[in-house]
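Here's the structure we're looking at; comments come further down.
All residue numbers in this chain count up from 1 along the given sequence.
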Amino acid sequence: MSFFKLLEYIFVPHESNNQKARLLHAESLLLLSFFLISFQIILGFAQKTFPKVLGYAANISPSEVIRLTNEQRVTNGLNPLNESSVLDAAALAKGNDMLAKGYWAHFAPDGTSPWSFFIRFGYKYQYAGENLARDFPDASSAVTAWMNSPSHRENMLSPNYKDIGVGVVEGSLLGVDTTLIVQFFGAPLAETSQIPVAKAQAVSQEPQVSPTPSPTPMVVSQVGATSPPAEVSPFTSTKNVSLGVVGLLLLALSIDLIVVRRKRIARIGGRTLAHLAYLGMILAVILILKAGQII
């Protein structure tokens with residue numbers, strides 16, 4: 001069978017494929033579903049076997065996260081935040097702490113609070129907050145996810161904060177290569193401040209500090225200081241493959257509908273749309289599972 005005959009067999013309804021594009025047959029859709037699931041299994045195996053090749057690395061820079069955050073604040077009528085090198089260092093330390101201790105949460109298993117990192121690096125705060133994100137392909141998608149979450153959005157747009165610090169780290173978290181983004185917000189405690197505020201829960205060694213930390217989420221990204229950036233992002237690969245499959249199916253469906261209408265082909269039965277809906281559901285589930293997370 002020539003190449004063009006093969007394309008015709010796959011995409012164009014005619015006698016040899018029972019007047020229905022072969023790609024739209026139930027068997028073909030089932031095979032595509034099997035391919036997508038197998039692709040995810042292979043990616044997961046390769047990610048553990050070749051961690052330097054596959055990983056959620058990438059193109060997330062702390063400065064870009066800060067820029068996009070301030071862009072959202074200005075759009076909503078708020079002053080931009082000042083980048084604090086102290087909070088940058090504290091956020092980076094929090095990200096490395098999560099990797100070292102193997103947790104994905106605001107509080108470490110040993111009870112270490114996010115606010116302890118503020119104090120450890122000498123940032124005495126009146127207000128403090130944090131957002132966490134992981135496995136996003138870029139800074140823009142992480143910031144968008146935070147803005148779409150009411151609690152994270154409240155942190156991003158709080159008028160109480162004056163400073164911001166972001167840490168991006170890459171590494172293995174619970175056996176899976178991942179990228180974490182940690183976003184710290186703060187307002188320094190003025191030396192002459194007489195504002196009565198609640199004491200921080202996790203800070204007992206600094207009684208002179210009277211903070212009001214926000215319980216909202218934190219953002220961390222895994223960026224290995226010594227390891228080279230990942231060459232392939234599993235999420236990006238999944239997205240590209242899924243979009244490619246959807247594109248082929250839409251092309252086949254369009255050609256099928258046009259040819260059937262022009263030739264007035266009568267088909268007794270068919271569940272093409274139902275099969276496509278089923279495959280679409282699988283694609284959606286895969287993309288959701290591979291998308292980033294925020295807490």
Side-chain angles (χ1 to χ4, degrees), residues 60-63 65-70 73 78-134 142-143 146 149 151-169 171 173 180-223 225 294-295:
I60 301 179
S61 70
S63 60
V65 174
I66 293 172
R67 185 189 71 80
L68 292 171
T69 298
N70 279 331
R73 288 179 64 88
L78 296 168
N79 292 327
L81 300 171
N82 300 312
E83 181 176 3
S84 166
S85 59
V86 175
L87 290 184
D88 281 340
L92 187 62
K94 172 60 186 285
N96 287 323
D97 189 67
M98 286 193 288
L99 293 180
K101 297 178 181 177
Y103 69 96
W104 165 241
H106 294 295
F107 287 79
D110 61 6
T112 301
S113 77
W115 327 121
S116 65
F117 293 94
F118 284 67
I119 302 305
R120 182 186 305 176
F121 284 83
Y123 190 94
K124 299 179 180 180
Y125 59 92
Q126 180 178 349
Y127 297 100
E130 59 181 344
N131 283 338
L132 289 177
R134 63 178 291 184
V143 170
W146 287 331
S149 166
S151 58
H152 295 80
R153 179 186 176 90
E154 183 180 354
N155 245 1
M156 301 267 288
L157 302 182
S158 173
N160 293 326
Y161 300 134
K162 306 299 180 185
D163 301 323
I164 185 174
V166 172
V168 177
V169 297
L173 182 63
L180 305 176
I181 307 170
V182 179
Q183 189 178 44
F184 277 169
F185 302 95
L189 183 71
E191 295 295 334
T192 58
S193 176
Q194 300 297 322
I195 301 176
V197 290
K199 292 184 178 180
Q201 297 178 356
V203 182
S204 58
Q205 68 275 30
E206 295 279 348
Q208 70 273 26
V209 180
S210 301
T212 305
S214 165
T216 47
M218 145 185 7
V219 182
V220 182
S221 358
Q222 304 175 325
V223 175
I294 58 176
I295 60 172

Verdict with supporting geometry, Ile60 and Val65, side-chain contact (heavy atoms from CB on, under 4.5 Å): CA-CA 8 Å; Ile60 301 179; Val65 174; 4.1 Å; yes
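- Scanning both residues, Gly167 and Ala91, for their nearest heavy atoms gives N-CB, 3.4 Å.
- Panel note: side chain Asp97, backbone Ala93; no donor-acceptor pair is recorded below 3.5 Å.
- Between Leu157 and Leu78, the shortest heavy-atom contact is O-CD1, 2.9 Å.
- No side-chain donor-acceptor contact under 3.5 Å links Asp163 to the backbone of Glu83.
- Checking Phe184, Tyr125, Phe185 one by one against Tyr161, the ring pair (Phe, Tyr, Trp, His ring centres under 6.0 Å) holds for a single residue, Phe185.
- Between Val166 and Asp88, the closest heavy-atom pair is N-OD1, 2.9 Å.
- Contact record, Phe117 with Ala90: O-CB, 3.6 Å, taken as the closest heavy-atom pair.
- In this structure a side-chain-to-backbone donor-acceptor pair under 3.5 Å is missing from Lys94 to Phe118.
- The two residues Phe121 and Val86 make their nearest non-hydrogen contact at O-CG1, 3.2 Å.
- Distance CG/Leu81 to OG1/Thr69: 7.5 Å, rounded to 0.5 Å.
- For the atom pair NZ (Lys162) and CG (Asn82), the distance works out to 9.5 Å, reported to the nearest 0.5 Å.
- Contact annotation: the side chain of Arg134 approaches that of Leu173 to within less than 4.5 Å [non-hydrogen atoms, C-beta and beyond].
- Listed for the Arg73 side chain is no donor-acceptor partner under 3.5 Å among the backbone atoms of Pro159.
- In this view, Arg67 and Glu64, Glu71 satisfy the salt bridge (Lys or Arg N to Asp or Glu O under 4.0 Å) rule, not counting sequence neighbours.
- Summarising the geometry, atom CE belonging to Met156 is positioned 9.0 Å from atom CG belonging to Asn70; distances are rounded to the nearest 0.5 Å.
- Minimum interatomic distance between Ser116 and Thr112 (heavy atoms only, all atoms of both residues): OG-CG2, 3.2 Å.
- Not a single donor-acceptor pair under 3.5 Å links the side chain of Ser158 to the backbone N or O of Glu154.
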